[in-house]
Amino acid sequence: MRNFIDSMLTGILLIKHGKQGDPHKRRIYCDEKVESIFWKKENGSEAKNKESYPIKSIKEIRWACDPDPDGEDTGEALAGTRILRDSCRWEDAPLSFSIIWEERTLDLQCHTRLECKYVQPRRVCQSTFGRTRSHEHAWYPFLYNRHGSLLHPPPPIPHPPDT
């Protein structure tokens with residue numbers, strides 16, 4: 001865990017998907033208190049969005065292959081988030097995930113499956129970070145356990161839809 005946080009403090013280079021334009025590389029950071037997430041351009045200069053987003057307010061981490069609950073309302077079988085459905089190539093879906101807050105999503109893609117294993121999201125009880133109600137949860141990326149084994153396997157590779 002310490003190595004992962006050290007990496008987040010210096011920035012992890014991932015591919016960011018957005019509402020407009022092509023996906024682009026961004027460095028994803030957490031602040032020194034490990035309380036918020038923000039990003040900068042690949043070279044470390046300021047990105048267009050200079051805001052940071054509180055880790056405690058994260059509602060969900062959703063892989064691009066995971067069902068989107070919004071599809072239940074319409075009866076559609078949707079996966080990921082709208083941004084990943086619009087921007088992510090099908091073959092990159094197993095490498096892609098979204099950090100979801102109430103007001104926005106941060107839609108990211110790893111470069112390789114090994115990198116996915118390093119930033120593998122895992123649920124952590126929010127009480128660790130100052131909340132006491134046990135039903136509240138935060139989502140944090142985790143890496144390997146102390147024995148070098150993955151805490152969770154990466155998502156399965158989906159099969160392309162029949163056309």
Side-chain angles (χ1 to χ4, degrees), residues 1 4 7-8 11-30 36-42 47-49 51-126 128-129 131 134-145 149-163:
M1 175 76 174
F4 178 77
S7 295
M8 284 289 290
I12 295 176
L13 188 63
L14 297 171
I15 299 167
K16 181 182 174 295
H17 293 263
K19 291 179 185 175
Q20 316 173 42
D22 293 331
H24 41 272
K25 293 179 180 178
R26 290 291 183 253
R27 290 203 178 275
I28 311 302
Y29 297 87
C30 67
S36 62
I37 294 175
F38 61 98
W39 55 94
K40 293 184 177 184
K41 292 182 178 179
E42 179 180 7
K48 185 168 66 171
N49 182 343
E51 294 184 45
S52 63
Y53 297 89
I55 291 171
K56 285 184 179 180
S57 298
I58 294 172
K59 290 176 48 182
E60 179 184 1
I61 294 280
R62 186 182 308 152
W63 286 97
C65 304
D66 289 343
D68 182 348
D70 291 343
E72 295 172 5
D73 298 337
T74 62
E76 296 178 85
L78 301 175
T81 61
R82 184 187 58 75
I83 289 175
L84 285 181
R85 288 192 298 274
D86 291 346
S87 176
C88 184
R89 297 179 317 167
W90 182 256
E91 59 269 21
D92 293 331
L95 304 175
S96 304
F97 62 95
S98 300
I99 303 173
I100 301 172
W101 287 271
E102 188 68 41
E103 68 278 2
R104 72 158 297 137
T105 64
L106 175 58
D107 302 272
L108 301 168
Q109 176 184 325
C110 298
H111 296 92
T112 65
R113 288 185 71 83
L114 182 61
E115 189 175 51
C116 267
K117 292 175 184 178
Y118 182 71
V119 296
Q120 174 70 32
R122 181 174 184 255
R123 189 189 318 201
V124 175
C125 183
Q126 194 120 350
T128 307
F129 301 96
R131 294 201 183 165
S134 61
H135 68 279
E136 294 178 334
H137 293 86
W139 291 87
Y140 274 80
F142 265 58
L143 62 148
Y144 303 92
N145 67 20
S149 301
L150 282 176
L151 295 172
H152 290 286
I157 297 175
H159 297 289
D162 294 332
T163 53

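All values derive from a computational prediction rather than experimental measurement.
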If we only count heavy atoms from C-beta on, is the [X] to [Y] side-chain gap below 4.5 Å?
X    : Y    : result
R113 : P94  : yes
L14  : E115 : yes
K40  : R26  : no
H111 : L95  : no

Evaluate side chain to side chain contact (heavy atoms under 4.5 Å, CB included) for D92 paired with H17, printing each intermediate quantity in order. CA-CA 12 Å; D92 293 331; H17 293 263; over 6 Å; no

Looking only at heavy atoms, what is the nearest atom pair of [X] and [Y], with distance?
X   : Y   : answer
N49 : E51 : OD1-N, 2.8 Å
W63 : S96 : CE3-O, 3.1 Å
C88 : A93 : SG-N, 3.8 Å
P23 : S87 : CG-OG, 3.5 Å

[atom2] on [Y] to [atom1] on [X], rounded to 0.5 Å:
X    : Y    : atom1 : atom2 : result
R89  : Q109 : CZ    : CD    : 7.0 Å
C65  : L84  : SG    : CG    : 9.5 Å
M8   : F38  : CE    : CZ    : 8.5 Å
K59  : I99  : NZ    : CD1   : 14.5 Å
I100 : I61  : CD1   : CD1   : 7.5 Å

side-chain hydrogen bond (donor to acceptor under 3.5 Å, both in side chains) partners of S98, counting only residues at least two apart: T81, D107

For the residue pair W101 and Y53, does the interplanar ring angle fall in the parallel (under 30°), tilted (30 to 60°) or perpendicular (over 60°) class? tilted

Test item: R27 side-chain N/O and E42 main-chain N/O as donor-acceptor pair under 3.5 Å: yes

When you check the gap from the basic side-chain N to the acidic O, do D68 and R85 get nearer than 4.0 Å? yes

R82 vs K19, side chain to side chain contact (heavy atoms under 4.5 Å, CB included): CA-CA, chis, key distance, verdict: CA-CA 9 Å; R82 184 187 58 75; K19 291 179 185 175; 3.9 Å; yes

Would one find more than 12 heavy atoms of other residues, nucleotides or ligands at under 6.0 Å from atom CD of E102? no

As a quick check of understanding, evaluate side chain to side chain contact (heavy atoms under 4.5 Å, CB included) for I58 and I37, giving each step before the final call. CA-CA 10 Å; I58 294 172; I37 294 175; 4.0 Å; yes

